[in-house]
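These notes are about the structure you will find just below.
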Amino acid sequence: LNGLPGPRNVYLFNGDFVDRGSYSCEIMLTLIAFKVLYPKYMHLNRGNHEARDINGRDGFERECLTKYNRAVFDLFCDVFACLPLAHVISNQIFVVHGGLCKVDVKIDELNRENRFQEEEEEEEDIERCS
């Protein structure tokens with residue numbers, strides 16, 4: 001529709017790439033391929049569905065195990081952990097998937113977050129962030 005990623009077509013996809021139907025693997029593989037081919041023009045934010053616990057609950061894990069195997073699912077989880085939590089466009093627009101649980105978050109705080117660590121959320125944390 002808009003063409004391939006490039007200087008005139010810079011893309012930012014804002015999370016929830018998986019758990020949206022039976023083609024999540026293919027969608028994620030396509031996004032990764034575009035990111036590899038066009039690293040300056042293709043950007044991916046991590047959403048709440050790019051997490052192992054949500055994938056187990058909402059179907060992406062099952063899709064990976066049906067189509068491939070556990071190793072492929074684990075690799076997807078590793079890729080998800082590498083995705084940034086937010087982007088800033090032109091030093092003016094802050095883009096984050098689904099908002100943050102804390103008021104007055106500073107970008108420096110996000111940069112300090114260890115996004116490579118899987119954290120178990122407690123029920124009260126989920127309710128407080130909703």
Point to revise | Side-chain donor or acceptor of Asp16 paired with backbone N/O of Gly47 under 3.5 Å | key: no
Point to revise | Asp74 with Arg52: basic N within carboxylate O range, under 4.0 Å | key: yes
Check your understanding: Could you walk me through whether Val36 and Met42 pass the side-chain contact (heavy atoms from CB on, under 4.5 Å) check?
Key -> CA-CA 9 Å; Val36 169; Met42 181 70 169; over 6 Å; no
**Study point:** Residues, nucleotides or ligands: over 12 heavy atoms within 6.0 Å of Tyr68 OH
**Key:** yes
Study note, to complete from the structure: Closest non-hydrogen contact found for Pro39 with His43 is O-CE1, 4.0 Å
Check your understanding: Which atom names give the shortest non-hydrogen contact between Asn48 and Ile54, and what distance separates them?
Key -> O-CG1, 3.2 Å
Review point. Under a single-linkage definition using a 4.5 Å side-chain heavy-atom cutoff for Ile, Leu, Val, Met, Phe, Trp and Tyr, are Leu44 and Ile89 assigned to the same hydrophobic cluster?
Key: no
Review point. So, do Tyr38 and Tyr11 have ring centers that fall under 6.0 Å from each other?
Key: no
Exercise for review: Group every Ile, Leu, Val, Met, Phe, Trp and Tyr by side-chain heavy-atom contacts under 4.5 Å, then state whether Leu4 and Phe13 land in the same group.
Suggested key: yes
Review point. Do Tyr41 and Phe34 come within less than 4.5 Å of each other through their side chains, counting heavy atoms only?
Key: no
Practice item. Can you see which heavy atom on Gly21 is nearest to which on Ser24, and at what distance? Key: O-OG, 3.4 Å
Review point. Are the side chains of Leu29 and Phe76 in touch, meaning some heavy atoms are under 4.5 Å apart?
Key: yes
Exercise for review: Indicate yes or no: at least one non-hydrogen side-chain atom of Arg20 is less than 4.5 angstrom from one of His49.
Suggested key: yes
Review point. What distance separates Phe17 CZ from His97 NE2, expressed to the nearest 0.5 Å?
Key: 9.0 Å
Revision key, fill the gap. Between the CD1 atom in Ile27 and the CD1 atom in Ile32, the distance rounded to the nearest 0.5 Å is 12.0 Å
Practice item. Measure across Leu85 and Val96 and return the closest heavy-atom pair with its distance rounded to 0.1 Å. Key: O-CG2, 3.3 Å
**Study point:** Listed partners of Arg70 passing salt bridge (Lys or Arg N to Asp or Glu O under 4.0 Å), at least two apart
**Key:** Glu61
Practice item. Enter the distance from Cys64:SG to Met28:CE here, rounded to the nearest 0.5 Å. Key: 10.5 Å
Point to revise | Connected via hydrophobic side-chain network under 4.5 Å: Phe60 and Val72 | key: yes
Point to revise | Gap between atom CG of Asp19 and atom CD of Glu50 - 0.5 Å precision | key: 8.0 Å
Check your understanding: Under 4.5 Å between any side-chain heavy atoms of Leu83 and Asn45, yes or no?
Key -> no
Review point. When rounded to the nearest 0.5 angstrom, what is the spacing between NZ in Lys67 and CD in Glu26?
Key: 3.5 Å
